[in-house]
Amino acid sequence: MKHEVFDIFDEQMNIIGTATRADTHKNGYWHQTFHCWIVTPSSEGPCLLLQKRHPGKDTHPDRYDITSAGHLLAGETVEDGVRELEEELGLRVRFDELIPIGTIPVEIRYRDLIDREFYHTFLYGCSQPLEAYTLQPDEVVGLVKVLAADASRLFGGEIDSIAASGVETGADGQSREVSRQLSRDDFVPHGADYYRHILDAVRRHFS
């Protein structure tokens, strides 16, 4: 993975060359990622699905994150990012089934890494049960759902935690049902503005 090569960009998203994954994060080059948030219905309103990152990930292990996301490699287009849904969740989706909600520039610093990404961001409505997803074992160790309305209050600073329920894989490799209370610190720190952007889009498209 550290030898992957990315297209790199200036702040205006003009391509300026290529770099390895390691050099991209070491030097803080802007690069592209694909994000897809799955929205599922419930009797209380639309829910967001969150993946729990593998404890062995090099950044933000064990935190809750975008349902499915990944880097775009050098020469790839945004449409190629749809592969992440099948790789991470076992879900085959056509790109034209996704709802585009914008390209968002975000900078995250993690230890000695400078991660500057253009997030190509999408929503996808899916009602299949959590147990029907096939999680990529070396990337994803859980899938939980939260009410979008609760998440809006959390990232709006109105409440300190929200309820999450779903399935997670234990150290023994067995999947089990879980119930959690998640605070903002349990999420990958994409920034409150990013999460509010996602939740505003969910309200527009699914409420």
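Nothing here was measured: the structure is a model prediction, and the numbers come from that model.
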Handout entry: Derivation and outcome, side chain to side chain contact (heavy atoms under 4.5 Å, CB included), residues E131 and E177
Key = CA-CA 9 Å; E131 296 79 7; E177 293 185 1; 4.2 Å; yes

Exercise for the section: May I have the step-by-step check of side chain to side chain donor-acceptor pair (under 3.5 Å) for E44 and S42, ending in yes or no? Expected result: CA-CA 5 Å; E44 298 175 83; S42 79; 5.2 Å; no

Exercise for the section: State yes or no: do Y133 and V167 share one hydrophobic cluster built from I, L, V, M, F, W and Y residues joined by side-chain heavy-atom distances below 4.5 Å, directly or via other members? Expected result: yes

Handout entry: For L135 against G142, the heavy-atom pair lying closest together
Key = CD1-N, 3.8 Å

Practice task
Output, in order, the C-alpha distance, side-chain angles, deciding distance and verdict of side chain to side chain contact (heavy atoms under 4.5 Å, CB included) for E139 and H54.
Solution key: CA-CA 5 Å; E139 293 281 340; H54 192 280; 5.6 Å; no

Exercise for the section: Look at atom CZ of R92 and say whether more than 12 heavy atoms of other residues, nucleotides or ligands are closer to it than 6.0 Å. Expected result: no

Practice task
Would you please name every residue forming a ring-ring contact (aromatic ring centres under 6.0 Å, His included) with F155, sequence neighbours left out?
Solution key: F187, Y195

Completion exercise
d(N14 CG, W30 CH2) to nearest 0.5 Å is 13.0 Å

Completion exercise
H190 and I108 have their tightest heavy-atom pair at ND1-CD1, 3.8 Å

Practice task
Could you tell me whether E107 atom CD has more than 12 heavy atoms of other residues or ligands within 6.0 Å of it?
Solution key: yes

Practice task
Treating Ile, Leu, Val, Met, Phe, Trp and Tyr as nodes and any side-chain heavy-atom pair under 4.5 angstrom as an edge, say whether L89 and V178 lie in one connected cluster.
Solution key: no

Practice task
For residues C36 and L98, report the shortest heavy-atom separation together with the two atoms involved.
Solution key: SG-CD2, 4.0 Å

Handout entry: Flag side-chain contact, heavy atom, 4.5 Å: D62 against P55
Key = yes

Practice task
With the side chain counted from C-beta on, respond yes when I38 and L91 share a heavy-atom pair under 4.5 Å apart, and no when they do not.
Solution key: yes

Exercise for the section: Mind listing the closest non-hydrogen atom pair of S68 and L85 along with its distance? Expected result: OG-N, 3.4 Å

Problem - Within one Ile-Leu-Val-Met-Phe-Trp-Tyr cluster: W37 and I99, side-chain cutoff 4.5 Å - result: yes

Completion exercise
d(D58 CG, L113 CG) to nearest 0.5 Å is 7.0 Å

Exercise for the section: Find out if a path of hydrophobic residues (ILVMFWY) with successive side-chain heavy-atom gaps under 4.5 Å connects F34 to I8. Expected result: no

Exercise for the section: Decide side chain to side chain contact (heavy atoms under 4.5 Å, CB included) for E86 and R83; before the verdict, give the C-alpha distance in whole Å, the side-chain angles of both, and the deciding distance to 0.1 Å. Expected result: CA-CA 5 Å; E86 184 169 6; R83 69 167 184 275; 5.8 Å; no

Problem - Spacing of D200 atom CG and I101 atom CD1 [to the nearest 0.5 Å] - result: 9.5 Å

Handout entry: Heavy-atom side-chain contact between L130 and L49 under 4.5 Å
Key = yes

Problem - Side-chain heavy atoms of C47 within contact of T40, under 4.5 Å - result: yes

Handout entry: Candidate pair M13 and T103, rule side chain to side chain contact (heavy atoms under 4.5 Å, CB included), full reasoning
Key = CA-CA 10 Å; M13 209 173 168; T103 299; 4.3 Å; yes

Completion exercise
The residue among R53, K52, K57 that forms salt bridge (charged side-chain N to carboxylate O under 4.0 Å, His left out) with D65 is R53

Practice task
Indicate yes or no for a side-chain donor-acceptor contact from N27 to the backbone of Y29 under 3.5 Å, with no hydrogens or angles considered.
Solution key: no

Completion exercise
Shortest non-hydrogen pair, A148 vs V202, comes out as CB-CG1, 3.9 Å

Problem - Spatial distance of atom CD (E158) from atom CG (D150) [nearest 0.5 Å] - result: 10.5 Å

Completion exercise
Smallest heavy-atom separation, I66 atom then Y194 atom, equals CG1-OH, 3.8 Å

Problem - R63 side-chain N/O to V188 backbone N/O, donor-acceptor pair under 3.5 Å - result: no

Problem - Test side chain to side chain contact (heavy atoms under 4.5 Å, CB included) applied to H35 and T121, L123, T67, the passing residue - result: T121

Problem - Pairs where residues 59-106 contributes a residue and the test ring pair (Phe, Tyr, Trp, His ring centres under 6.0 Å) is met, not counting sequence neighbours - result: F6-H71, H25-H71, H31-H71, H60-Y110, F95-F122

Exercise for the section: To the nearest 0.5 angstrom, please state how far the CZ atom of R111 sits from the CG atom of D115. Expected result: 14.0 Å

Handout entry: D23 bridged to K26 by N-O distance under 4.0 Å
Key = no

Handout entry: Spacing of R180 atom CZ and L50 atom CG [to the nearest 0.5 Å]
Key = 12.5 Å

Problem - Donor-acceptor pair, side chain of E84 and main chain of G81, under 3.5 angstrom - result: no

Exercise for the section: For the residue pair I104 and D193, establish whether any side-chain heavy-atom pair is separated by less than 4.5 Å. Expected result: no

Exercise for the section: Establish whether V140 and V82 are linked, either directly or via other cluster members, by ILVMFWY side-chain heavy-atom contacts under 4.5 Å. Expected result: yes

